[in-house]
Structure formats: structure tokens, C-alpha cells
Amino acid sequence: MIVMKFGGSSVANRGQIEKVLSIVDSARERAPVVVSSAHKGITDALVNAAKAAAAGELVTTPIDLQRQLLAQLECPVDLLDDCFGELSDLLRGISLVKELSPRSLDYVSSFGERMSVRAIADFFTRNGLAARAHDVWDLGFITDDAFGRARPLAGWEANCQAAFARLPANEVAVVTGFVGKNREGEITTVGRNGSDLTASLLGGALAAEEVQIWTDTDGVMTADPSVVDGARNIPQMRFDEAAELAYFGSRVLHPSTLLPAMSSDIPVRVLNTNRPAHPGTVIQKVAAPSPNAATSIAYKERQSVLVLRTTRMFGQAGFLARVFEILGRREVDVDMISTSEVSISLTSADRPALEAAADQLATIGKVELRHGKTILAVVGQHLPARPGIGAQVLGAVAGAGVNVEMISYGMDSINFTMLIDDADIGRAVKVLHEMLFAAV
Ligand code: ASP
Ligand code: MG
């Protein structure tokens with residue numbers, strides 16, 4: 001059995017969905033389970049409609065967009081009337097109370113996947129591939145109550161296996177990504193771009209042979225192809241390398257996707273819906289050594305940095321613990337950190353949380369906040385074995401006139417991380433790509 005996940009751009013319109021049909025059809029003998037995202041743009045339209053409703057305004061954009069898809073796919077016109085009715089009622093309710101809780105936002109957002117799987121399964125069936133749409137919560141995906149970042153409850157796998165065992169073997173299951181339900185039956189979501197995560201969780205629970213993530217690039221690339229012309233495909237990488245890349249902003253995989261696959265040791269293959277013959281990238285426990293000094297470059301922009309300076313830190317046990325206790329209480333998610341005897345610099349993407357913590361940290365030292373920063377990471381399993389790589393990286397970046405404000409590189413680390421200005425991303429990535437991946 002394999003899990004095949006298709007992202008929003010892969011199911012954006014009829015042309016794309018026809019490609020998906022032929023990809024799934026040619027995998028028939030591997031017993032595919034399809035996990036789909038909402039059609040491209042629908043989730044954003046739903047979120048905007050929910051926000052508009054909370055401001056007292058009713059918009060029909062998501063329903064209009066979905067109706068266009070139904071027309072393109074020649075689905076029965078009333079196929080999604082139940083969804084449309086429920087969504088309209090829900091938006092009306094929100095517009096009356098003028099309040100949008102995380103719970104209602106998840107409920108509204110869930111319609112994208114619920115509608116897309118129904119349209120896709122109907123289209124497949126009418127075009128020669130018997131398929132059935134499923135809401136993933138009917139297949140055992142019962143989550144905690146963390147709206148917007150829900151995770152399945154411990155032990156859910158047994159229910160999931162039992163539910164799949166009951167499905168007819170002659171129909172391809174087309175399953176909603178992204179959504180779930182809690183024990184009370186309220187709809188939750190695992191977080192934006194979370195269909196990858198649903199796919200790898202299902203893959204883990206069902207002990208799939210492989211989890212395939214179908215997207216719109218030739219697998220994972222050495223750098224963002226929209227920034228670097230010469231960006232190339234990476235044929236193989238290790239789980240930990242891919243996890244670092246996903247975390248540092250490579251747009252191909254959701255950062256949490258690899259955890260379930262890693263713990264069940266199931267290979268994750270990233271493939272291109274527009275070029276199905278391309279082998280893409282396979283991510284697994286061991287990967288053949290790459291000929292380059294690094295595996296890939298990724299970056300995360302719009303970060304904030306906080307610098308705390310105090311002479312009280314000098315020679316004081318427990319000082320860092322106090323700082324992190326304050327950050328923890330304000331729920332600051334810290335990414336990079338670097339310390340000296342008298343100062344700590346740390347970064348976070350969550351500006352409001354960092355600002356809240358800054359007020360409190362000001363009671364123990366002098367605090368400075370700066371915004372508009374990018375974390376730039378060079379990732380590769382061979383970094384620890386390449387003496388001088390740090391100097392080369394910094395030299396190349398400096399040569400491009402880019403100022404590096406912080407660096408972080410741990411013992412045996414597979415990533416070398418720098419903090420630069422958002423405005424310098426293009427220059428820095430290009431020069432690093434040139435140096436690390438110059439044509440072999
Ligand atoms: N449709 C959801 C989103 O746009 C989930 C996904 O695409 O993976 O965030
Ligand atoms: Mg997506």
C-alpha cells in the first residue's frame with residue numbers, strides 16, 4: 001500500500017486533476033490511498049470569508065470558486081449542496097455573533113478538503129477509476145482539542161487500521177488532508193499546509209510501503225528555483241536533512257511531515273505532478289553521499305531578533321534558565337540562539353510574543369529588538385566532515401556584500417545557520433549556491 005498526497009496546485013483545476021487521475025491509475029497495483037488538499041486558493045478564500053463574516057460581511061468567494069471547479073469537472077451540479085448549505089449557515093452564524101474563535105476558524109477551513117475530495121472522487125469514478133471520498137475522521141483520525149494545530153490522539157492507529165480494513169478493495173479511497181475531529185465531534189485542523197502531515201500520519205498508521213508527496217517541483221531542490229536559476233533536484237536525502245530544510249523554510253514539505261515517517265521508517269518521496277516520470281527526491285534513514293559540500297540551502301524570512309545584554313549574566317548559574325522561563329511563559333518559539341558571557345541573541349518568527357517577552361526581560365537587562373531578518377541555513381550531512389566549510393560560507397556571503405549578524409553551528413551539526421537582512425536573501429542565496437553547487 002502507498003499513500004499519495006496531492007497538494008493544492010496539483011488539484012488546482014481540471015487539467016491538473018486529469019494528471020492526478022493518470023498518476024493514481026498507473027499506481028493501481030500498489031494499492032494507493034489518495035490524500036488531497038483543497039483546490040489551490042480555496043483555503044485562503046475560506047479563511048478570508050470567515051474573517052469577513054466576523055466583521056459582519058458575508059462573501060461567497062469560496063463557494064463561487066468551488067462551483068467553477070465542479071463545472072470544469074462536469075460533476076453533478078448538486079454534488080456539494082450539503083457542504084455549501086452548511087458553510088453558508090456557518091458564515092451567517094459567525095456574522096451574527098461577530099466573533100471568530102480558533103474552533104470556528106477550523107470548522108470553516110475544513111470545507112476546502114471536504115469539498116475537493118468529493119469532487120475528485122466523483123471525477124475519477126466517471127473517468128474510469130472507481131473512487132470514494134472520505135472525511136479522514138471517519139477513518140479513525142480523532143485528534144486532541146488544539147484547534148489550528150491538532151494532533152491525533154494516542155492509540156488512534158488501531159482504529160485507522162480497522163477502518164481501512166473495512167473499505168472495499170475495488171475503490172480508491174480519496175481522503176481529506178488537513179482536517180480532523182476531536183472526541184466531542186468538533187472539527188479541528190492540523191495547521192496550514194498540513195495535508196502532508198495527514199498523509200505521513202496515515203502512512204505510519206497503515207505501515208505504508210512509501211508516502212508520496214506530489215507537488216509542483218522536481219522533488220526537493222538545492223535552493224528555491226524562483227530565486228536561483230541553477231537550482232537542481234536532490235535525488236536522495238536523509239530524514240534529518242529534509243527535516244532541517246522543511247523547518248528552515250523550504251516550501252516543499254511541512255516541517256512536521258517527516259516525524260511520523262521517521263519513527264516508522266517509511267520512505268517519503270517528493271514528486272512532480274507536472275513531470276511524473278521524474279524520480280523526484282526520496283527521503284529515508286540513509287542516503288547515498290552527495291558529491292557536493294552541502295545538500296541544500298533554505299531560508300526563513302521576516303524573523304525578529306532580540307538581544308539581551310547584562311553584566312549580571314557573568315559567572316551566574318541559572319541565568320539562562322530565567323531568561324528561557326520568561327520566554328516560555330510568553331510562548332516564544334525560539335529558533336536561533338547565540339550567547340556570550342554578557343549577552344544573548346535569539347530569533348523568533350513570532351514578533352508579538354517576542355515583544356511581550358521583551359517588556360519582561362527588560363527587568364533583568366538591556367533589551368534591543370530588530371525586525372526584518374532572515375535565517376539562512378546551509379544543510380548537509382557532510383558539513384561536520386568538511387573542515388573550513390564555515391569560513392568558506394561566510395567568505396562567500398561577505399564577498400557578496402551581505403552582513404551576517406549571528407551565526408550558529410553546533411558540534412556535529414548538519415546545518416550552518418546565519419542571520420541576515422531580508423533585503424539580502426537573493427544575493428546571499430545566489431552566491432552560496434554558486435559556491436556549494438557549482439556544476440560538477
Ligand atoms: N488546504 C490547507 C492549506 O491550504 C492544507 C494544505 O494545503 O496542505 O493550508
Ligand atoms: Mg499546500
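S348 contributes a side-chain N or O that, together with a main-chain N or O of D333, makes up a donor-acceptor pair within less than 3.5 Å. Listed for the D350 side chain is no donor-acceptor partner under 3.5 Å among the backbone atoms of V332. Remark: the backbone N or O of F84 is paired with a side-chain donor or acceptor of S88 at under 3.5 angstrom. No donor-acceptor pair under 3.5 Å is formed between the side chain of S264 and the backbone N or O of I266. Using modelled atom types, no side-chain atom of T257 and backbone atom of L253 make a donor-acceptor pair closer than 3.5 Å. Side chain of N48 to backbone of D44: a donor-acceptor contact under 3.5 angstrom is found. With hydrogens and angles disregarded, no donor-acceptor distance shorter than 3.5 Å links the side chain of R351 to the backbone of R302. Here the side chain of E171 pairs no donor or acceptor atom with the backbone of P168 at under 3.5 angstrom. N13 places a side-chain N or O within 3.5 Å of a backbone atom of G15 that can act as its donor or acceptor partner. In this structure, D135 contributes its side chain and D138 its backbone to no donor-acceptor pair below 3.5 Å.
Taking a cutoff of 4.0 Å between a charged side-chain nitrogen and a carboxylate oxygen, D64 and R67 do not qualify as a salt bridge. In this structure, E368 pairs ionically with R309, as a charged nitrogen and a carboxylate oxygen lie closer than 4.0 Å.
S226 and D224 share a donor-acceptor pair across their side chains, judged by distance under 3.5 Å alone. Of the N and O atoms on the side chains of T188 and D106, not one donor lies less than 3.5 Å from an acceptor on the other residue. For the residue pair S101/S104, the side-chain donor-acceptor check at 3.5 Å is satisfied.
Relative orientation of the F6 and W214 rings is parallel, given thresholds of 30° and 60° on the angle between their planes.
The distance from the CZ atom of R269 to the CE atom of M4 is 11.0 Å, given to the nearest 0.5 Å.
Of all non-hydrogen atoms in V179 and V136, the two that sit nearest each other are O-CG1, 3.2 Å.
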Check against side chain to side chain donor-acceptor pair (under 3.5 Å), S9 and D216: CA-CA 7 Å; S9 63; D216 51 11; 3.1 Å; yes
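Partner of D218 under the side-chain hydrogen bond (donor to acceptor under 3.5 Å, both in side chains) criterion, out of N274, T281, N272: N272 alone.
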